Amino acid sequence: MLEPNELKELVYAQDKNVGNFEETKNEAYKMKRIQRMAKFNEKTHTVIETLQKWGLPFTLCEIIHGKKQRHRITTDIFIPDANVVIRQVDMNDEVEVSKANLFFKSMKANFYPMFIRSTDSEEFVITKLQNVLLKANQKPMKGFSKIKFIKYEKPKRPRIKAVKVGRSK
């Protein structure tokens, strides 16, 4: 299981390499992302380590908001190449289950939603992940193609100004 500092470093590294939606880069949602990461359980950490082992690009705690959506949806893991959104659900919490239902309804048209339920075993979650990735590879979903996925850019090099040199006579 990853330590909180390791998880933060992983988030910043993935954000830099893979990119984010514009909503996620907003400072107002920075705290929401950190709170969501603090709730990760061992199964979610296993999925993160598996994705790292497979070399798939992913982001953590991505905030997705389409033009026609009323609410902003927070995913736990987002795989942009396959348009797969993964969310962890505690089956004992009724509020979280209702949020998971809303998550599924709002994401099923554009993404492949997957849930890491508290009642599932780690082996079953990894098998489910493989099946979702195979399904996404066979029939790609469109995702939010109109919404730009922004990569962090390097700061521009300072411009060198020309200096006029006087002629010597």
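Since this is a predicted model, take the numbers as computed values, not measurements. Quick note: residue numbers are just sequence positions, from 1.
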Engineer: Is there a donor-acceptor pair closer than 3.5 Å between any side-chain N or O of Q88 and the backbone N or O of K39?
Structural biologist: yes

Engineer: With rounding to the nearest 0.5 angstrom, report the CG to CG distance, D76 to L60.
Structural biologist: 8.5 Å

Engineer: Would you say K135 has more than 12 foreign heavy atoms packed within less than 6.0 Å of its NZ?
Structural biologist: no

Engineer: Can you classify the ring geometry of F115 versus F103 as parallel (below 30°), tilted (30 to 60°) or perpendicular (above 60°)?
Structural biologist: perpendicular

Engineer: In chain order, what residues pass the side-chain contact (heavy atoms from CB on, under 4.5 Å) check against T119, with sequence neighbours excluded?
Structural biologist: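 Checked T119 against side-chain contact (heavy atoms from CB on, under 4.5 Å); matches are M91, R117.
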
Engineer: Evaluate the side-chain proximity of N131 to T127: yes if any heavy-atom separation is below 4.5 Å, no if none is.
Structural biologist: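 Side-chain contact under 4.5 Å: yes.
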
Engineer: Quick one: closest heavy-atom pair of P80 and P57, and the distance?
Structural biologist: CD-O, 3.5 Å

Engineer: For S118, does its backbone N or O pair with a side-chain atom of K43 as donor and acceptor, under 3.5 Å?
Structural biologist: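 Side chain of K43 to backbone of S118, a donor-acceptor pair under 3.5 Å: yes, one is there.
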
Engineer: Kindly compute the distance separating CG (L102) from CE (M107), expressed to the nearest 0.5 Å.
Structural biologist: 9.0 Å

Engineer: How long is the straight-line distance from CD of E42 back to NE2 of H45, given to the nearest 0.5 Å?
Structural biologist: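 Answer rounded to 0.5 Å: 8.0 Å.
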
Engineer: Determine whether the side chains of N41 and T44 contain a donor N or O and an acceptor N or O closer than 3.5 Å.
Structural biologist: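 Checked: N41/T44 side chains pair up, N/O donor to acceptor below 3.5 Å.
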
Engineer: Report whether F124 and I116 are members of the same hydrophobic cluster (ILVMFWY, side-chain heavy atoms less than 4.5 Å apart, transitive linking).
Structural biologist: no

Engineer: Quick one: are N110 and N83 in side-chain contact, heavy atoms under 4.5 Å?
Structural biologist: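 The answer is no; the side chains never approach within 4.5 Å.
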
Engineer: Hey, does T75 have a side-chain heavy atom less than 4.5 Å from the side chain of R87?
Structural biologist: no

Engineer: Going by side-chain contact (heavy atoms from CB on, under 4.5 Å), L56 matches just one of V84, L129, D81, L133. Which one?
Structural biologist: L133

Engineer: Checking D120 side chain against V125 main chain: does a donor-acceptor pair fall under 3.5 Å?
Structural biologist: no

Engineer: Shortest non-hydrogen contact from A136 to A82?
Structural biologist: CB-O, 3.5 Å

Engineer: How long is the straight-line distance from CE of M114 back to CD1 of I79, given to the nearest 0.5 Å?
Structural biologist: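 Reported value, rounded in 0.5 Å steps: 8.0 Å.
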
Engineer: Are W54 and Y112 co-members of a hydrophobic cluster defined by side-chain heavy atoms under 4.5 Å apart?
Structural biologist: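 Both belong to a single hydrophobic cluster.
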
Engineer: Restricting to side-chain contact (heavy atoms from CB on, under 4.5 Å), what partner residues turn up for T46, sequence neighbours left out?
Structural biologist: T50, E122, I126

